[in-house]
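Here's the structure, in structure tokens; my notes come after.
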2 protein chains.
Amino acid sequence: MKTLQLTSSDRAILVRSRFFARLPHSTVDAILEGATLSSHEEHDVLFRQGDSIDDVFFVLSGLVRLYRLGKEGREADVAVFPKGEMFAENAMFLGHRVTASAEAAEASIILRLDSRKLRQLAAADPEVAQAIIEHLCHRGKMTEDLLAEDRLLTAPQRVASYILSHCPNGSTSFSFRLPFQKNVLAGKLGLAPEALSRAFSTLRQSGVTVKGRMIEIRDRQALERF
Amino acid sequence: MKTLQLTSSDRAILVRSRFFARLPHSTVDAILEGATLSSHEEHDVLFRQGDSIDDVFFVLSGLVRLYRLGKEGREADVAVFPKGEMFAENAMFLGHRVTASAEAAEASIILRLDSRKLRQLAAADPEVAQAIIEHLCHRGKMTEDLLAEDRLLTAPQRVASYILSHCPNGSTSFSFRLPFQKNVLAGKLGLAPEALSRAFSTLRQSGVTVKGRMIEIRDRQALERF
DNA sequence: CGCTGGGTTGAGGCGAGTCAACGGAAGTGG
DNA sequence: CCACTTCCGTTGACTCGCCTCAACCCAGCG
């Protein structure tokens, strides 16, 4: 872990993100006051379940995995945050205790905001509060989606659903590149890596081709039926 | 479904609830303006996945099940709200489209607040915004808990965890009454009713006795080890 | 008395986790 | 340039947990 300066491209990521995009520049500046920047290698731990945290985190580049710990070192991902996402806001309003661990799933640059300051701003500026509210709604829906998929879909169906969520609507055949290692995808979908692999095999017969991180879909309909 | 008047005991539930307790009476009154009250029988549907909703719901008595639909009529609970809980606030900030269905899991009295009014109030009054934020954080944590338990724990472990969450800390042996039908508990824990039943059987050998809705625990430690 | 509905028990099957072996791609060092 | 390792991913064999379906139990009630 290394401390850095906020570059202009970092700033571009920030102001384009769902959370900051809606706020005026002056407010963004106020939030950024006292923020610190750090770079992390894969597997660097940002915080641990049970820690007391005074920061809110923002992914400027890379990928962060949020997970809970179970018996005998088992881990269950509860969210995965790509570039442009903010997390650990919960702690800010829930006694600063964090209920999950976070680690970089690949080399990442992380911005750490002062949560006390952000909270003050939210109390003073309804626009900030509004932004936080929508952010929380969005996050809540994501988690709910995961929960529902876990409970309703089989492994191949979950993978199909993931693929479809990356499909530009209207196209019948398309392709895209996985934004991260299959390992991470497996975690996000609540699967063992082997199960993800087998799910891809199963989907092959529905017109899905996988080469490295490239996914190619021949027939969208076939996937939806799955 | 039948329309009713807000009784004084209803009001007591309201002002004692996590959400309203923190707000001054005048604010509560403002939120309640234009609210409507209705009573529902078990299995009454309050709204359906995909509906467009202009209300926020509050359970005055009874129990509401929030669930997503899967193929072939399958249902997966994503939350269960007892008396004193508010739900469907997500829709208010996410285009008023609701991503799950809700139905009364037993005879219930439901208060319907005007979501537009609540949103205006949140924009104008930081205290309201704050209350909503904390409410969302709390809900987010609940869902995350469910997801993590689904992924980390077996059926008996989930049941043990549920029982322990109802244990006054410090006591080694205790008992309590299930707040709802086993059917509903099974849904909340993401289990088939039969699986719940078997889980209770398994826990018997760890000192858990079940008679109707009464649960009796002889040895707390044994449960935690499970 | 028989009915109904919630809950339990049993038998069978399927989905996914686990462990182990293997494949190939990229990186390392001679 | 080629052997060697390492790491990610795949495949196979096996196990286990939970779902499904069906039968049954029992309490409440007409």
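Below, read A as the first sequence line, B as the second, and so on, with proteins coming before strands; counting in each chain starts at 1.
- Look at B/Arg158 and you'll find a side-chain N or O under 4.0 angstrom from OP1 or OP2 of D/dC18.
- A close approach under 4.0 Å does occur between a side-chain nitrogen or oxygen of B/Ser201 and OP1 or OP2 of C/dT9.
- For the pair A/Leu203 CG and D/dT10 P, the interatomic distance rounds to 12 Å; values are reported in whole Å.
- A/Glu89 and A/Arg139 are joined by a salt bridge, as a carboxylate oxygen and a charged side-chain nitrogen come within less than 4.0 angstrom of each other.
- With D/dC19, D/dC18, D/dT10 as the choices, the nucleotide that has an atom nearest any side-chain atom of A/Ser197 turns out to be D/dT10.
- Looking at A/Thr172 and A/Gln221, their side chains never bring a donor and an acceptor atom within 3.5 Å of each other.
- Between B/Leu152 atom CG and C/dT18 atom P the separation is 11 Å, expressed in whole Å.
- Between the CD atom of A/Gln181 and the C1' atom of D/dT10 there is a distance of 15 Å, rounded to whole Å.
- Under the 30°/60° scheme for interplanar angles, the aromatic rings of A/Phe47 and A/Phe87 are found to be tilted.
- Nucleic acid contact class of A/Arg151 (heavy atoms, under 4.0 Å, all strands): none.
- The nearest whole Å value for the distance from the CD atom in A/Glu75 to the C1' atom in C/dG17 is 16 Å.
- The pair A/Arg68-B/Glu149 fails the salt-bridge criterion, with no side-chain N (NZ, NE, NH1 or NH2) lying under 4.0 Å from an Asp/Glu carboxylate O.
- When the nearest nucleotides of DNA chain C are assigned to B/Ala195 and B/His43 by heavy-atom distance, the more 5′-ward of the two goes with B/His43.
- The interatomic distance linking B/Asn183 (CG) with C/dT8 (P) rounds to 10 Å, in whole Å.
- Note on A/Arg74: a side-chain N or O is less than 4.0 Å away from OP1 or OP2 of C/dT18.
- Between the side chain of B/Glu194 and the base of D/dC21 there is at least one donor-acceptor pair of N/O atoms closer than 3.5 Å.
- Side-chain atoms of B/Lys182 come within 3.5 Å of backbone atoms of B/Gly212 as a donor-acceptor pair (strictly under, hydrogens ignored).
- Set against C/dT8, C/dA16, D/dT11, the side chain of B/Lys182 has C/dT8 as its closest nucleotide.
- Following rounding to the nearest Å, A/Leu196 (CG) and D/dC8 (P) show an atom-to-atom distance of 15 Å.
- Remark: P of C/dG17 and CG of B/Leu153 are 15 Å apart, rounded to the nearest angstrom.
- If you check every strand for non-hydrogen atoms under 4.0 Å, B/Leu191 touches sugar and phosphate atoms only.
- On a pure distance criterion of 3.5 Å, a polar donor-acceptor pair joins the side chain of A/Arg198 and the base of C/dT18.
- Note on B/Gly212: nothing from the nucleic acid sits closer than 4.0 angstrom, heavy atoms only.
- For A/Glu72 and C/dC19, the CD to P distance is 10 Å, given to the nearest whole Å.
- Using a 4.0 Å heavy-atom cutoff across all strands shown, B/Arg213 reaches no nucleic acid atom at all.
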